[in-house]
Peer 1: 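Just dropping this structure here.
Quantities reported herein were computed from a predicted structural model and do not represent experimental measurements.
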Amino acid sequence: MNTTTNTANTTAIPAIGRILLAAIFVISGIGKIAAPAATIGYIQAMGLPFATLGLAIAVIVELGGGVLLALGYKTRLVAAVLAAFSVVTAIAFHGAIGDQNQFIHLLKNFAMAGGLLQVVAFGAGAFSIDNRTVRTAQRVQRAA
């Protein structure tokens with residue numbers, strides 16, 4: 001874990017980045033809740049088994065992970081899960097690279113995974129639940 005401090009990590013920039021990354025997951029999760037049949041049909045059309053279970057997992061990962069990422073809670077773990085989810089869904093659902101639209105979605109998912117791996121590497125930043133938890137623990141430790 002990188003414990004060095006830099007000015008970028010003490011500004012709002014990491015929080016803004018987390019919120020921008022989280023937005024696509026939260027909106028996608030809400031969309032899946034609003035139209036579950038469409039998502040189940042898409043999963044089935046890709047030839048994947050257990051489409052209903054896949055929908056449930058996708059909603060939990062996208063909506064839950066997106067909210068946790070935006071708040072900066074368990075940020076490195078959540079970002080790693082979302083990065084893996086992005087790569088897996090890119091390969092499973094956007095592998096038809098001969099179709100320009102699918103190719104763009106594949107690259108978008110890979111780009112999101114890259115941004116999420118930056119969060120894994122550098123953490124949540126100053127404006128996060130993770131940072132508040134660390135500061136509280138440090139205060140308790142100094143007081144002891």
Peer 1: Residues two or more places apart in sequence or in another chain: which of them pass side-chain hydrogen bond (donor to acceptor under 3.5 Å, both in side chains) with N109?
Peer 2: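 Only T89 meet the side-chain hydrogen bond (donor to acceptor under 3.5 Å, both in side chains) criterion with N109.
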
Peer 1: Test: side chain to side chain donor-acceptor pair (under 3.5 Å). Region: residues 14-34. Which pairs qualify, not counting sequence neighbours?
Peer 2: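 For residues 14-34: S28-K32, S28-E62, K32-E62.
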
Peer 1: Is there a side-chain contact between I43 and F93 (heavy atoms, below 4.5 Å)?
Peer 2: yes

Peer 1: According to the salt bridge (Lys or Arg N to Asp or Glu O under 4.0 Å) rule, which pairs have a member within residues 97-106, sequence neighbours left out?
Peer 2: none

Peer 1: Test: ring-ring contact (aromatic ring centres under 6.0 Å, His included). Region: residues 56-88. Which pairs qualify, not counting sequence neighbours?
Peer 2: none

Peer 1: First locate atom CZ of F25, then atom CG of L82, and finally report the distance between them rounded to the nearest 0.5 Å.
Peer 2: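 F25 CZ to L82 CG: 4.5 Å, rounded to 0.5 Å.
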
Peer 1: Could you name each residue pair satisfying side chain to side chain donor-acceptor pair (under 3.5 Å) that touches residues 119-133, not counting sequence neighbours?
Peer 2: T75-D130

Peer 1: Which residues, ordered by chain and number, are linked to F110 in its hydrophobic cluster, where ILVMFWY side chains connect at heavy-atom gaps below 4.5 Å, directly or through other members?
Peer 2: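 Noted: F110 shares its cluster with V87, I91, I97, F103, L106, L107.
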
Peer 1: How close do A80 and V120 get, counting heavy atoms only, and between which atoms?
Peer 2: N-CG2, 3.4 Å

Peer 1: Hey, could you give me each pair passing ring-ring contact (aromatic ring centres under 6.0 Å, His included) that has a residue in residues 124-144? Not counting sequence neighbours.
Peer 2: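 As it turns out, there is no ring-ring contact (aromatic ring centres under 6.0 Å, His included) pair with a partner in residues 124-144 once direct neighbours are skipped.
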
Peer 1: Hydrophobic cluster mates of V140, side-chain heavy atoms under 4.5 angstrom, ILVMFWY only, any path?
Peer 2: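 Its cluster mates, by chain and number: none.
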
Peer 1: Could you see if I33 belongs to whatever hydrophobic cluster contains V61? Use Ile, Leu, Val, Met, Phe, Trp, Tyr and a side-chain cutoff under 4.5 Å.
Peer 2: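 Same cluster.
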
Peer 1: Do any pairs count as a salt bridge (Lys or Arg N to Asp or Glu O under 4.0 Å) and have a residue in residues 82-95, sequence neighbours left out, and if so which ones?
Peer 2: none

Peer 1: State whether the side chain of R76 and the backbone N or O of A121 hold a donor-acceptor pair below 3.5 Å, judged by distance alone.
Peer 2: yes

Peer 1: Does one hydrophobic cluster hold both I19 and I27, with members joined at side-chain heavy-atom distances below 4.5 Å?
Peer 2: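 Unlinked, I19 and I27 end up in two clusters.
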
Peer 1: Do L117 and I24 sit in one hydrophobic cluster, given that two such residues count as connected whenever their side-chain heavy atoms are within less than 4.5 Å of each other, even indirectly?
Peer 2: no

Peer 1: Suppose clustering is done on Ile, Leu, Val, Met, Phe, Trp and Tyr with side-chain heavy atoms closer than 4.5 Å. Which residues sit in the same group as V88?
Peer 2: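 Cluster partners of V88: none, it stands alone.
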
Peer 1: Applying the 4.5 Å side-chain criterion to the ILVMFWY set and letting contacts propagate, would V59 and I30 be lumped into a single cluster?
Peer 2: yes

Peer 1: With clusters defined by side-chain heavy atoms of hydrophobic residues (ILVMFWY) lying less than 4.5 Å apart, directly or transitively, does I40 cluster with I57?
Peer 2: yes

Peer 1: What side chain to side chain donor-acceptor pair (under 3.5 Å) pairs are there with at least one residue in residues 33-50, not counting sequence neighbours?
Peer 2: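 Listed once each, the pairs would be none.
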
Peer 1: Share the residues that join L20 in a hydrophobic cluster, the rule being Ile, Leu, Val, Met, Phe, Trp or Tyr side chains under 4.5 Å apart at the heavy-atom level.
Peer 2: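 Members other than L20 - counting any ILVMFWY side chain reachable under 4.5 Å - are I16.
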
